[in-house]
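What follows is a short report on a single structure.
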Amino acid sequence: QVQLVESGGGLVQAGGSLRLSCAAQGRTNPVYVMGWFRQRPGKERELVAIISSRGITSYGASVKGRFTISSDKVANTVDLQMNSLQPEDTANYYCITRSGTTVITARADEYRTWGRGTQVTVSS
């Protein structure tokens, strides 16, 4: 099974930027989707950004125009560049992936492999 390791979380002031990275260890299937969900206390998990092995991307409505997802197929990594961060972006960010498909869905329960999460805190 693929294991996901996130890094890059931390504390940043409103209006600032942060870059998250996720490394997929043990990936053998070249067909996949990979990206990020986030969860705030008392809230449901929500889609942040996902990229497929075909290069197609999808973003949650609240982050469009501010966040950019990219991937390195050779290194099996996915990065999330977060700009113009706002306090409402404060959440635990989880790297996710699903092998064997390039179909992107916003349903969190469709993704079987999750990282442990990395905390992002945006101060006012």
Side-chain angles (χ1 to χ4, degrees):
Q1 292 185 336
V2 177
Q3 297 188 29
L4 304 175
V5 181
E6 306 110 325
S7 62
L11 175 66
V12 66
Q13 293 183 342
S17 298
L18 205 60
R19 188 175 183 89
L20 305 183
S21 183
C22 178
Q25 301 175 343
R27 184 184 295 285
T28 59
N29 196 328
V31 179
Y32 62 87
V33 295
M34 188 171 174
W36 300 85
F37 276 73
R38 70 184 183 186
Q39 186 170 30
R40 293 177 286 172
K43 305 291 185 179
E44 296 182 353
R45 295 170 296 179
E46 62 178 321
L47 170 70
V48 178
I50 295 178
I51 187 168
S52 77
S53 54
R54 298 172 63 184
I56 299 173
T57 59
S58 183
Y59 295 90
S62 63
V63 307
K64 288 182 179 179
R66 299 189 297 120
F67 292 9
T68 302
I69 190 169
S70 61
S71 65
D72 184 334
K73 293 182 179 180
V74 176
N76 288 320
T77 58
V78 168
D79 287 355
L80 182 69
Q81 179 65 44
M82 305 184 293
N83 298 327
S84 301
L85 285 164
Q86 304 167 14
E88 52 264 39
D89 294 316
T90 296
N92 201 0
Y93 285 71
Y94 296 91
C95 183
I96 56 88
T97 192
R98 182 183 180 188
S99 298
T101 181
T102 58
V103 177
I104 296 174
T105 176
R107 291 179 56 89
D109 58 4
E110 292 291 333
Y111 300 95
R112 298 181 59 190
T113 304
W114 291 66
R116 293 186 177 183
T118 184
Q119 180 67 35
V120 172
T121 302
V122 184
S123 63
S124 300

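Note that the structure is a prediction, hence the values are computed from the model and not measured. Count residues from 1 along the sequence.
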Closest non-hydrogen atom pair between A24 and V2, with its separation: CB-CG1, 3.8 Å

Hydrophobic cluster identity match, F67 and I104, side-chain contacts under 4.5 Å: no

ILVMFWY network linking V48 to I96, side-chain heavy atoms under 4.5 angstrom: no

Residue R112 excluded, over 12 heavy atoms near CZ under 6.0 Å: no

Please report, to 0.1 Å, the donor-acceptor pairs under 3.5 Å made by any side chain of residues 80-88, with sequence neighbours excluded.
{"residue": "Q81", "atom": "OE1", "partner": "R19", "partner atom": "NH1", "Å": "2.9"}
{"residue": "Q81", "atom": "NE2", "partner": "N83", "partner atom": "OD1", "Å": "3.0"}
{"residue": "N83", "atom": "OD1", "partner": "S17", "partner atom": "OG", "Å": "2.9"}

Nearest atoms (heavy-atom pairs only) where R40 meets T90: CG-O, 3.0 Å

Distance, nearest 0.5 Å, that separates CD of Q3 from CZ of R116: 8.5 Å

Stepwise side-chain contact (heavy atoms from CB on, under 4.5 Å) test for T113 and Q1: CA-CA 8 Å; T113 304; Q1 292 185 336; 5.8 Å; no

Where S71 and V78 come nearest, the two heavy atoms and their spacing: CB-CG2, 3.9 Å

Any pair counted as disulfide bond (SG atoms under 2.5 Å apart), so long as it reaches residues 83-124, sequence neighbours left out: C22-C95

Disulfide bond (SG atoms under 2.5 Å apart) partners of residues 25-60, not counting sequence neighbours, each pair once: none

Contacts of R98 that satisfy salt bridge (Lys or Arg N to Asp or Glu O under 4.0 Å) - sequence neighbours left out: E110

Nearest-0.5 Å distance that lies between atom OG1 in T121 and atom CG in L11: 6.0 Å

Stepwise side-chain contact (heavy atoms from CB on, under 4.5 Å) test for L4 and Y94: CA-CA 9 Å; L4 304 175; Y94 296 91; over 6 Å; no

Close side-chain approach of V103 and V33, heavy atoms under 4.5 Å: no

For the student: nearest non-hydrogen atoms of S99 and R27, plus distance: OG-NH1, 3.5 Å

Contact summary for M34 and T97, nearest pair of heavy atoms: CB-OG1, 3.8 Å

Contacts under 3.5 angstrom, residues 49-63 side chains, donor-acceptor by atom type, not counting sequence neighbours:
{"residue": "S52", "atom": "OG", "partner": "R54", "partner atom": "N", "Å": "3.2"}
{"residue": "S52", "atom": "OG", "partner": "I56", "partner atom": "N", "Å": "3.4"}
{"residue": "S53", "atom": "OG", "partner": "P30", "partner atom": "O", "Å": "3.3"}
{"residue": "S53", "atom": "OG", "partner": "Y32", "partner atom": "N", "Å": "3.2"}
{"residue": "S53", "atom": "OG", "partner": "Y32", "partner atom": "O", "Å": "3.4"}
{"residue": "Y59", "atom": "OH", "partner": "I69", "partner atom": "N", "Å": "2.9"}
{"residue": "S62", "atom": "OG", "partner": "R38", "partner atom": "NH2", "Å": "3.2"}

F37: ring pair (Phe, Tyr, Trp, His ring centres under 6.0 Å) partners, not counting sequence neighbours: Y111, W114

Gap separating the CG atom of D79 from the CG atom of L20, nearest 0.5 angstrom: 8.5 Å

